[in-house]
Amino acid sequence: MRTPFATGCIALLAMACCILSASAQRSLSPSANSYYASRESAFDFDKVDLTALYEEGRKRNPGLAPNAVERMIRRNLHFVFFNKINLGHFLVQPAPSQVVRKVEKIVSLHSRLDSMLQQGRQLAADPSKKKARRKLVRKIGDCARSIQKTFNEYFADYSNASFLLKCCPSGSVDSRFADFLQQSEQIHRLLDREVDRYFFESALSVVDASDYVARHSVATLSGSLHRLSRLTLKEGSE
């Protein structure tokens, strides 16, 4: 005959087994925690086309041999994947191919900004192109907004440095457009440096939030350019 003590022990043992079983099932379920824990083995470049990023890497590092550039790109993507993904936006880690496509989109949009700013320099020399100027200001703002949204959707940056815009509501239309171009080119140069640092860094280190205090992030710079565009359009309509 089982004593009350023995019966209690058996019940506790059964309960413990149930708890362990449930824990095991949870650990094997496709939850975010289990996915993140095993993400190292899931990360695979073999099925991801990196041609566009290799080309961009060679442009940014003309002194490196092609195979060195490819190693650098793969190393940087690996680092971004495990240290710079905005995990707050995902239930599970995005696939490597998704991350690569977003990096390519940001690089492409940044290149488009450069082309539009070159167009702006040409328009600045022709006072009769007022409608074309206004359209270009809007396009630059839309492009900057796309960079900001794409970056914030997938990537995290802990810089808290703000960017100060200088708007000149007074003055001629020509002077306001010239001021817009000047500030846009400044932001574009800073943005190019940040895109390079974030995605094409040649010397990687452990992510430390203290390193970001004095920097303008990709999101801050692109958001500032979008804001500058909207302010310039508003001034031109008053």
- Evaluate the side chain to side chain contact (heavy atoms under 4.5 Å, CB included) criterion for residues V218 and N152: first the C-alpha distance (whole Å), next the side-chain angles of each, then the deciding distance (0.1 Å), finally the verdict. CA-CA 9 Å; V218 171; N152 282 336; over 6 Å; no
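- Residues M116 and C143 come closest through the heavy atom pair CE-CB, 3.6 Å.
- At distances below 3.5 Å, at least one donor-acceptor pair connects side-chain atoms of N76 with backbone N or O atoms of E201.
- Looking only at distances, a side-chain donor or acceptor of K130 sits under 3.5 Å from a matching main-chain atom of P127.
- Between the N86 side chain and the A156 main chain, no donor and acceptor come within less than 3.5 Å of each other.
- F199 is linked by a ring-ring contact (aromatic ring centres under 6.0 Å, His included) to F155, counting only residues two or more places apart in sequence or in another chain.
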- Message: Go through it in stages, so that I can follow the logic: the residues are D49 and R101, the test is salt bridge (Lys or Arg N to Asp or Glu O under 4.0 Å), and I'd like the CA-CA distance, side-chain angles, deciding distance and then a yes or no.
- Response: CA-CA 9 Å; D49 183 5; R101 298 294 86 82; 5.8 Å; no
- Message: side chain to side chain contact (heavy atoms under 4.5 Å, CB included) for I147 and L191? Distances and angles first, verdict last.
- Response: CA-CA 10 Å; I147 293 175; L191 185 58; 4.1 Å; yes
- Checking salt bridge (Lys or Arg N to Asp or Glu O under 4.0 Å) for the pair R112/D142: CA distance, chi angles, key distance, verdict? CA-CA 11 Å; R112 192 182 306 171; D142 291 344; over 6 Å; no
- Task: Please test K105 against Y154 for side chain to side chain contact (heavy atoms under 4.5 Å, CB included), starting from the C-alpha separation and ending with a verdict.
- Result: CA-CA 12 Å; K105 182 176 180 179; Y154 267 70; over 6 Å; no
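- When all heavy atoms of A219 and Q148 are compared, the closest pair comes out as O-NE2, 3.6 Å.
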- Taking it one step at a time, do E55 and R58 satisfy salt bridge (Lys or Arg N to Asp or Glu O under 4.0 Å)? CA-CA 5 Å; E55 181 179 351; R58 285 191 288 270; 5.7 Å; no
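- Using cut-offs of 30° and 60° for the angle between ring planes, the F151 and Y198 rings count as perpendicular.
- In this model, a donor atom of one side chain and an acceptor atom of the other lie less than 3.5 Å apart for Q118 and D114.
- By the criterion of side-chain heavy atoms lying less than 4.5 angstrom apart, applied directly or through intervening Ile, Leu, Val, Met, Phe, Trp or Tyr residues, L233 is grouped together with L136 in one hydrophobic cluster.
- Under the rule for a ring-ring contact (aromatic ring centres under 6.0 Å, His included), F200 has no partner lying at least two apart in sequence or in another chain.
- Residues S108 and S111 have side chains that never bring a donor and an acceptor to within less than 3.5 angstrom of each other.
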- Task: Starting from the C-alpha separation in whole Å, work towards a yes-or-no answer on salt bridge (Lys or Arg N to Asp or Glu O under 4.0 Å) for R60 and D192.
- Result: CA-CA 10 Å; R60 291 174 177 270; D192 183 70; 3.2 Å; yes
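- At distances below 3.5 Å, at least one donor-acceptor pair connects side-chain atoms of T232 with backbone N or O atoms of L228.
- Between the side chain of S229 and the main chain of V137, a donor-acceptor pair closer than 3.5 Å is present.
- Residues K129 and F177 have side chains not in contact (no heavy-atom distance under 4.5 Å, counting atoms from C-beta outward).
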